[in-house]
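Positions are given from 1, in the same order as the sequence printed here. These numbers were taken from a predicted model, which means no experiment stands behind them.
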Amino acid sequence: MVKAGIVGATGFTGEKIAEILWSHPEAELSYISAMVEKEEPFSEIFPRFKKKINTVCKNLDINQAVNLCEVVFLALPHTVSFKIAPAFLRQGKKVIDLSADYRLKDTAVYEKFYNTPHADKENLAKAVYGLPEFYRDEIRKADLIANPGCYPTASVLCLAPLLKEDVGQNVIIDAKTGITGAGRRPSLTFNFSNLSGNMFGYRLFSHQHLPEINDILTRVSGKTQEVIFTPHVIPVERGIFLTVYADLKKKMTKLQILDIYKKHYADKPFVRIFEKSLPNLKDVVETNFCDIGFEVSGNKLIIVAAIDNLLKGAGGQAVQNMNIMLGLEEELGLK
Ligand SMILES: NC(=O)c1ccc[n+]([C@@H]2O[C@H](COP(=O)([O-])OP(=O)(O)OC[C@H]3O[C@@H](n4cnc5c(N)ncnc54)[C@H](OP(=O)(O)O)[C@@H]3O)[C@@H](O)[C@H]2O)c1
């Protein structure tokens with residue numbers, strides 16, 4: 001059994017990883033930590049884990065964590081992860097970071113979008129972007145995984161085949177997220193009376209996931225990509241839903257587009273291509289799937305894609321990465 005720990009376990013993504021690891025046939029949840037006033041069993045904090053997870057949730061003690069874990073998930077805010085990851089890496093532990101701290105190789109871009117200097121350039125250089133559909137071989141050999149953002153996961157999965165084959169251009173991503181995308185801490189924007197029956201766009205041209213989407217699409221396609229990305233919050237608990245518009249460089253049929261996507265994702269267990277219907281959010285919630293569907297008209301293409309932000313967009317993908325890093329079957333704990 002692999003001994004796995006979580007730091008930041010009381011947040012939305014940390015809780016989700018705990019749930020997956022509890023039922024994972026090859027992993028044992030050996031260390032749980034968060035910023036807590038009182039150290040108590042995890043099942044006292046989340047009663048739904050009673051008779052499941054009795055491990056005590058502790059304030060972080062690196063020495064103790066190092067002794068108890070082979071792999072650690074950092075489910076922490078950005079700027080916190082890069083202060084903690086180096087201590088685990090120095091002790092030969094594998095680290096899967098869910099924050100943005102190791103995703104952008106260009107520190108000037110990181111510093112612009114996250115408004116803070118980067119404090120761990122050494123490990124940043126070694127970090128592997130944890131999108132298994134495109135970086136599986138690198139993930140297998142990695143010690144540090146930069147687990148992708150939720151919007152970038154859905155955006156890259158639904159656009160990379162098109163841009164890699166160089167048949168699409170002028171991309172516009174109209175994106176919607178459920179409210180768990182913003183983390184557990186309460187705020188005025190995310191309180192029930194503001195969200196119920198409401199919907200709003202935010203951070204136009206300035207969302208921190210925009211450079212990540214452009215960077216990974218550029219790396220995967222081998223050509224500079226600059227998309228338009230418009231995020232919205234919608235009043236659902238879970239999910240990312242994208243409607244993506246693109247021009248085709250020449251007229252193509254839906255069958256030709258389908259062939260491209262089916263070829264790219266034939267051996268990828270968590271991408272489902274829809275041939276006859278379009279994806280909807282409820283089909284992916286509580287799954288690690290990314291569902292993708294399209295419609296084509298002349299040289300215009302619309303792609304629709306959906307993921308669960310806490311699973312394929314965060315904790316599920318993190319466990320998928322752990323499985324690959326440790327040589328386990330990619331789907332373990334996620335089926
Ligand atoms: N939510 C999503 O859909 C999603 C998707 C992809 C990636 N992510 C990324 O994953 C990370 C975690 O997200 P989340 O939604 O789970 O956030 P969250 O619900 O706000 O949880 C964050 C966790 O980190 C702890 N924490 C906060 N500041 C800390 C500090 N200075 N030192 C130690 N622990 C600290 C929190 O403890 P307290 O509760 O005591 O503050 C909590 O346990 C973020 O970087 C986020 O951007 C989130």
Side-chain angles (χ1 to χ4, degrees), residues 6-9 11-14 16-17 72-86 88-89 94-132 134-135 138-139 142-157 173 175 177-185 187 202-220 225 227 229 231 233 240 242 307-322:
I6 306 170
V7 183
F12 281 141
T13 61
K16 206 70 216 163
I17 293 168
V72 65
F73 295 89
L74 303 183
L76 295 166
H78 65 275
T79 76
V80 179
S81 282
F82 62 37
K83 293 181 192 124
I84 292 176
F88 285 102
L89 293 165
K94 296 205 180 273
V95 175
I96 300 167
D97 176 37
L98 282 92
S99 87
D101 283 355
Y102 296 100
R103 293 184 202 151
L104 294 165
K105 294 289 182 197
D106 185 338
T107 50
V109 177
Y110 177 88
E111 291 174 10
K112 178 176 164 202
F113 280 85
Y114 291 90
N115 208 19
T116 185
H118 201 288
D120 185 23
K121 292 177 183 162
E122 191 185 329
N123 288 310
L124 175 64
K126 298 177 205 156
V128 169
Y129 192 73
L131 190 64
F134 291 93
Y135 294 104
E138 291 90 330
I139 293 166
D143 290 323
L144 171 59
I145 294 293
N147 211 64
C150 44
Y151 284 131
T153 294
S155 302
V156 173
L157 289 176
I173 302 170
T177 182
I179 58 180
T180 50
R184 181 163 257 139
R185 281 198 182 164
S187 72
Y202 66 110
R203 295 192 204 155
L204 307 187
F205 292 120
S206 60
H207 194 281
Q208 68 277 15
H209 286 169
L210 176 61
E212 185 180 332
I213 294 168
N214 281 332
D215 182 38
I216 302 304
L217 285 176
T218 297
R219 282 162 57 186
V220 165
Q225 305 291 346
V227 302
F229 171 63
V233 176
I240 297 278
L242 307 183
I307 60 169
D308 183 326
N309 58 302
L310 295 183
L311 286 168
K312 187 60 179 161
Q317 183 142 266
V319 173
Q320 191 183 348
N321 281 317
M322 178 194 82

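- For F134, the ring pair (Phe, Tyr, Trp, His ring centres under 6.0 Å) criterion is met by no residue, not counting sequence neighbours.
- Taking all atoms of both residues into account, the shortest heavy-atom contact from A318 to I96 is O-CD1, 3.6 Å.
- Taking H207 as the reference, Y151, Y202, H209, F229 meet the ring pair (Phe, Tyr, Trp, His ring centres under 6.0 Å) condition, with sequence neighbours excluded.
- The side-chain contact (heavy atoms from CB on, under 4.5 Å) with L131 is formed by just one residue from the set I145, V156, N147; it is V156.
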- [ ] Check step by step if side-chain contact (heavy atoms from CB on, under 4.5 Å) holds for R219 and Y135.
- [x] CA-CA 11 Å; R219 282 162 57 186; Y135 294 104; 3.6 Å; yes
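- Separation of atoms CG (L144) and OG (S81) is listed at 9.5 Å; rounding is to 0.5 Å.
- Closest non-hydrogen pair, I6 versus G14, comes out as CD1-O, 3.7 Å.
- No donor-acceptor distance shorter than 3.5 angstrom exists from the side chain of D308 to the backbone of G313, with no hydrogens or angles considered.
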Task: Q317 vs I307, side-chain contact (heavy atoms from CB on, under 4.5 Å): CA-CA, chis, key distance, verdict - done: CA-CA 11 Å; Q317 183 142 266; I307 60 169; over 6 Å; no
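- F88 is linked by a ring pair (Phe, Tyr, Trp, His ring centres under 6.0 Å) to nothing, counting only residues two or more places apart in sequence or in another chain.
- Note: L104 CG to Y129 OH = 8.5 Å, rounded to the nearest 0.5 Å.
- A donor-acceptor contact closer than 3.5 angstrom links the side chains of Y102 and D120.
- Note that CG of L217 and CD of E212 are 10.5 Å apart. Values are rounded to the nearest 0.5 Å.
- In this structure, the separation between OG1 on T177 and CG on L242 is 10.0 Å, given to the nearest 0.5 Å.
- For G130 against N321, the heavy-atom pair with the smallest separation is O-ND2, 3.0 Å.
- Just one residue in the list T180, I240, I17 forms a side-chain contact (heavy atoms from CB on, under 4.5 Å) with L310, and that residue is T180.
- Under the 4.5 Å side-chain criterion, counting only non-hydrogen atoms from C-beta, L157 is in contact with K312.
- Taking every heavy atom of both residues into account, L124 and K105 meet most closely at O-NZ, 2.7 Å.
- Atom CG of L76 is separated from atom CG of D97 by 7.0 Å, given to the nearest 0.5 angstrom.
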Task: Check against side-chain contact (heavy atoms from CB on, under 4.5 Å), M322 and K94 - done: CA-CA 9 Å; M322 178 194 82; K94 296 205 180 273; over 6 Å; no
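- At a threshold of 4.5 Å between non-hydrogen side-chain atoms, the residues V227 and L210 count as touching.
- Looking at D101, its side chain does come within 3.5 Å of a backbone N or O of T79 through a donor-acceptor pair.
- A side-chain contact (heavy atoms from CB on, under 4.5 Å) with V7 is found for exactly one of V95, V72, V80, L98, namely V72.
- Scanning all heavy atoms of the two residues, the minimum distance from Y114 to A100 falls at OH-CB, 3.2 Å.
- Expressed to the nearest 0.5 Å, how far OG1 of T153 lies from CG of N309 amounts to 10.5 Å.
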